[in-house]
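What follows is one structure encoded as structure tokens, with my remarks underneath.
No hydrogens, no waters, no symmetry mates; every other heavy atom, side chains included, goes into these values. Every chain is numbered from 1 and lettered A, B, ... according to where its sequence line falls, protein lines coming before strand lines.
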Amino acid sequence: QQQVKQSPQSLIVQKGGISIINCAYENTAFDYFPWYQQFPGKGPALLIAIRPDVSEKKEGRFTISFNKSAKQFSLHIMDSQPGDSATYFCAAIESMLSGAGSYQLTFGKGTKLSVIP
Amino acid sequence: DSGVTQTPKHLITATGQRVTLRCSPRSGDLSVYWYQQSLDQGLQFLIQYYNGEERAKGNILERFSAQQFPDLHSELNLSSLELGDSALYFCASSVFRDPGAYEQYFGPGTRLTVT
């Protein structure tokens with residue numbers, strides 16, 4: 001059972017364009033939604049995260065939009081650059097699972113972003 | 001550099017064998033998480049240790065086990081290896097702070113190839 005559904009699987013964007021990646025979840029107990037960026041041969045790195053009581057969070061060129069009623073959230077990358085080419089994973093945490101102190105990540109399947117010059 | 005180290009970087013072994021993957025968390029981090037990344041299953045949570053004790057279990061096979069030692073480094077043991085166990089194995093660490101500090105820092109991973 002896939003608890004976090006991510007789309008698209010791959011995305012090609014022109015340099016300077018906007019990259020949009022979408023995720024949807026079913027488990028209403030999820031209470032934290034991070035995005036991770038992974039370059040080939042590297043481990044995932046935290047990019048930006050949002051709590052469900054906030055509808056939008058912006059950090060530089062990266063913005064998360066969150067729709068609690070629709071159980072959907074998305075990552076927008078403004079002015080996309082070739083250096084942004086990577087695989088992006090949305091994730092969710094149910095912080096009270098297994099008691100306090102357990103923050104296991106449930107990941108989407110990932111989106112491979114290619115930004116072409 | 002996340003501060004999380006993993007060894008070895010690559011591991012090639014045969015079916016039926018047993019291997020041990022090692023992880024050292026960031027200085028001060030008490031929690032260690034293990035994840036498996038494969039092409040078909042994506043990134044999946046395996047198990048978490050907090051200050052030496054098992055805290056949560058995910059999709060970890062019975063052939064797999066882990067432990068966290070007093071110096072907080074962790075080892076993931078994979079036994080009776082099958083071809084399907086070939087994957088990237090990541091370790092992540094985090095420090096237990098007040099609610100809201102849900103940041104996990106991932107190591108560079110160990111690529112396991114079972115032949």
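- Each of Leu11(B) and Val4(B) belongs to its own hydrophobic cluster when Ile, Leu, Val, Met, Phe, Trp and Tyr are linked at side-chain heavy-atom distances under 4.5 angstrom.
- Tyr105(B) contributes no side-chain N or O that, together with a main-chain N or O of Leu46(A), makes up a donor-acceptor pair within less than 3.5 Å.
- Hydrophobic clustering (side-chain heavy atoms under 4.5 Å, transitive across Ile, Leu, Val, Met, Phe, Trp, Tyr) keeps Trp34(B) apart from Phe69(B).
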Distance-only donor-acceptor hits, side chain of residues 77-85 of chain B, under 3.5 Å, sequence neighbours excluded:
unit_1, atom_1, unit_2, atom_2, d
Asn77(B), OD1, Thr20(B), OG1, 2.8
Ser79(B), OG, Arg63(B), O, 2.8
Asp85(B), OD1, Arg63(B), NH2, 3.0
Asp85(B), OD2, Arg63(B), NH1, 2.8
Asp85(B), OD2, Arg63(B), NH2, 3.2
Asp85(B), OD2, Glu82(B), N, 2.8

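- Residues Tyr35(B) and Leu105(A) share a closest heavy-atom pair of OH-N, 3.0 Å.
- Hydrophobic clustering places Tyr88(A) together with Ile64(A) (ILVMFWY residues linked when any side-chain heavy atoms are closer than 4.5 Å, directly or through intermediates).
- Note on Leu112(B) and Phe106(B): separate hydrophobic clusters, where clusters join Ile, Leu, Val, Met, Phe, Trp and Tyr whose side-chain heavy atoms are under 4.5 Å apart, directly or indirectly.
- Around the CD atom of Glu59(A), the shell of radius 6.0 Å holds more than 12 heavy atoms that belong to other residues, nucleotides or ligands.
- When hydrophobic clusters are built by joining Ile, Leu, Val, Met, Phe, Trp and Tyr residues whose side-chain heavy atoms come closer than 4.5 Å, directly or via intermediates, Val13(A) is grouped together with Phe62(A).
- Of the two parts of Gln6(B), neither the backbone nor the side chain holds a non-hydrogen atom closer than 4.5 Å to a non-hydrogen atom of chain A.
- Among residue pairs with one or both ends in residues 106-115 of chain B, none qualify as side-chain hydrogen bond (donor to acceptor under 3.5 Å, both in side chains); sequence neighbours excluded.
- No more than 12 heavy atoms of other residues, nucleotides or ligands lie within 6.0 Å of CD1 in Ile12(A), so this atom counts as exposed by the packing criterion.
- The contact list for residues 39-47 of chain B toward chain A, using heavy atoms and a distance under 4.5 Å, reads Asp40(B), Gln41(B), Gly42(B), Leu43(B), Phe45(B) by residue number.
- Interface residues of residues 34-43 of chain A toward chain B, defined by a heavy-atom distance below 4.5 Å and sorted by number: Tyr36(A), Gln38(A), Gly41(A), Lys42(A), Gly43(A).
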